[in-house]
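Reading through the structure tokens given below for one structure.
Chain naming here is simple, since letters A, B, ... match the order of the sequence lines and numbering starts at 1 in each.
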Protein chains: 2
Amino acid sequence: MARAGLAAERVVRAGAELADEIGFEQVTPSELARKLGIKTASLYSHVKNAHDLKTRIALLALEELADQASAAIAGRAGRDALGAFANAYRDYAFQHPGRFAAARFRLDAATAASSAGPRHSRMTRALLRGYDLPELQETHAVRLLGSVFNGYVELEMAGGFSHSAPSSEESWTEILDALDSLLRNWPASS
Amino acid sequence: MARAGLAAERVVRAGAELADEIGFEQVTPSELARKLGIKTASLYSHVKNAHDLKTRIALLALEELADQASAAIAGRAGRDALGAFANAYRDYAFQHPGRFAAARFRLDAATAASSAGPRHSRMTRALLRGYDLPELQETHAVRLLGSVFNGYVELEMAGGFSHSAPSSEESWTEILDALDSLLRNWPASS
DNA sequence: ACGTTTGCCTAATGGTCTTAGGCAAATTAG
DNA sequence: CTAATTTGCCTAAGACCATTAGGCAAACGT
């Protein structure tokens, strides 16, 4: 038999490209079929339905993002690692806006658990090992970093910082400095 | 003539309610018409099209959110104001998840400029006046706070923190403490 | 060479958004 | 009060979408 799954994967990859071209929201079976030069109905042998298609693109994006982040922090620590990690996210978002949006697609609990999501938390934890936070505060810091990275990049891509000085670039490094400083002087909990 | 605009406003308000009930993404002309007990085509005398409907709901949500935040910081300063402001956002998001999602709907530049968006920046700036940051750093801090609030609430509502200890509630207050500490000891820029 | 599987197809159903044109009731003006 | 206007809804229709069912030829493994 012709290897099953291979074709499905090509379809999903094409979906990811399409997302970067026209936006993740606009990725639909019919649009993807158009890109692939086949009839819409033909897609349904590779993908269960529209939601399944989006889910698979999200999983792909999550993996790619984790790979990039992982490569970025290898061999680094402290402010250096923080910057590399954060930039891995931001750069990925700018190079692959559709995939990045896909990575934020809401997965159901089971799918999320088997996604690269947990890898992201583990990496953030590894990053924090360079700072020594009280054990209990580590999770709070993980959540803070996730919030800032996601939040900043989203606002930036929505154009929130584009028409005002100082440049978004400048705020980004300044914010990373501030976070580094915060992590080195994390306040004792009351 | 029967006052124009009044009916349109009622339609938009119903759209906002619908968003809280079924999610902002799922708010469509046909769904809203169903809720209102009228035919889909009839909506088009009140609203230009589906995108216009979503835009108007977004503008409504942005205003409401600004009102809440504004009321929250009145008469407060420092960590007190920071907490009240942040909680205004978070509470609104939990009470009105659909509207909150609407507030993050991407508006074109012109619409965004005439929305309550600028009010949000001004309020954040007002909040920061309680801490005295070097003038140049103030914008960076505004952007940081916006990122954290948006990012945290979004991750939290997506269920990102739900199945692990410590509770999201605890992380939230701990993160606010950390931000307060950071704002009081903002690092000098290199 | 043969049966199986794959990857595509056409056809059909039911839902969506949107425009056009009409009609009765409410509202305003004289 | 009456007449003109406007509103808020309607039906009808076109174009597009997601999805299911059933078919067929080429590619594949044995």
Side-chain angles (χ1 to χ4, degrees), chain A residues 1-61 98-99 101-102 105-108 111, chain B residues 1-61 98-99 101-102 105-108 111:
Chain A
M1 59 177 134
R3 295 116 326 190
L6 204 165
E9 208 178 307
R10 242 202 340 253
V11 164
V12 173
R13 222 185 301 278
E17 280 172 34
L18 185 60
D20 288 336
E21 289 161 16
I22 65 173
F24 181 63
E25 316 283 307
Q26 337 297 322
V27 174
T28 61
S30 53
E31 204 74 38
L32 181 51
R34 235 184 314 274
K35 179 188 174 79
L36 291 170
I38 63 177
K39 297 291 174 176
T40 306
S42 304
L43 269 186
Y44 286 76
S45 19
H46 306 297
V47 152
K48 197 146 60 64
N49 53 34
H51 185 268
D52 181 41
L53 170 62
K54 289 194 165 191
T55 298
R56 284 171 192 246
I57 297 175
L59 292 174
L60 173 67
R99 284 161 152 98
F105 184 63
R106 238 182 246 201
L107 304 171
D108 58 277
T111 311
Chain B
M1 59 180 134
R3 297 118 325 196
L6 205 165
E9 209 179 306
R10 241 202 341 254
V11 164
V12 173
R13 220 185 302 280
E17 279 171 36
L18 185 60
D20 289 334
E21 290 161 16
I22 65 174
F24 181 64
E25 315 284 306
Q26 337 297 324
V27 174
T28 61
S30 53
E31 204 74 38
L32 180 52
R34 237 187 309 278
K35 179 189 174 77
L36 291 170
I38 64 177
K39 297 290 173 175
T40 306
S42 305
L43 269 186
Y44 284 75
S45 20
H46 306 299
V47 152
K48 195 145 65 59
N49 52 34
H51 184 269
D52 181 41
L53 170 63
K54 288 193 168 191
T55 299
R56 285 171 192 246
I57 298 175
L59 292 174
L60 172 68
R99 284 161 150 99
F105 184 64
R106 238 182 244 199
L107 304 172
D108 57 278
T111 313

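- Whole-Å rounding puts the Glu31(A) CD to dA18(D) C1' distance at 14 Å.
- Annotation: side chain of Leu60(B) is not in contact with side chain of Arg56(B) (no heavy-atom distance under 4.5 Å).
- Following rounding to the nearest Å, Leu43(A) (CG) and dC17(D) (C1') show an atom-to-atom distance of 13 Å.
- One finds the CG atom of Leu32(B) at 12.0 Å from the NZ atom of Lys54(B) (value rounded to the nearest 0.5 Å).
- Between its two ends, the helix from dA1(C)-dT30(D) to dG30(C)-dC1(D) turns its axis by 30°, counting five pairs per end and rounding to 10 degrees.
- Annotation: side chain of Leu36(A) is in contact with side chain of Leu43(A) (closest heavy-atom distance under 4.5 Å).
- Ring pair His51(B)/Phe105(B) is tilted by interplanar angle, where 30° to 60° counts as tilted.
- At least one side-chain heavy atom of Glu25(A) sits under 4.5 Å from a side-chain heavy atom of Glu25(B).
- Going from atom OH of Tyr44(A) over to atom P of dG7(C) covers 17 Å, rounded to whole Å.
- Put simply, the side chain of Leu18(A) does not reach to within 4.5 Å of the side chain of Ile57(A), judged on heavy atoms.
- Between the NZ atom of Lys48(A) and the C1' atom of dA18(D) there is a distance of 14 Å, given to the nearest Å.
- Note: CD (Gln26(A)) to P (dA18(D)) measures 12 Å, nearest angstrom.
- Taking the charged nitrogens against the carboxylate oxygens, Arg13(B) and Glu17(B) have no contact shorter than 4.0 Å, which rules out a salt bridge.
- Rounded to whole angstrom, the span from the CG atom of Asn49(B) across to the C1' atom of dT18(C) amounts to 9 Å.
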Using a cut-off of 4.0 Å between protein heavy atoms and nucleotide atoms, how would you tag nucleotides 8-15 of chain C 5' to 3' with B, S and -? BBBB----
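- Rounded to an integer number of Å, the gap from NZ of Lys54(B) to C1' of dT18(C) is 16 Å.
- To the nearest angstrom, C1' of dT19(D) lies 13 Å from CG of Asp52(A).
- Atom OG1 of Thr55(A) and atom NZ of Lys48(A) lie 8.5 Å apart (nearest 0.5 Å).
- Put simply, the side chain of Leu59(A) reaches to within 4.5 Å of the side chain of Leu107(A), judged on heavy atoms.
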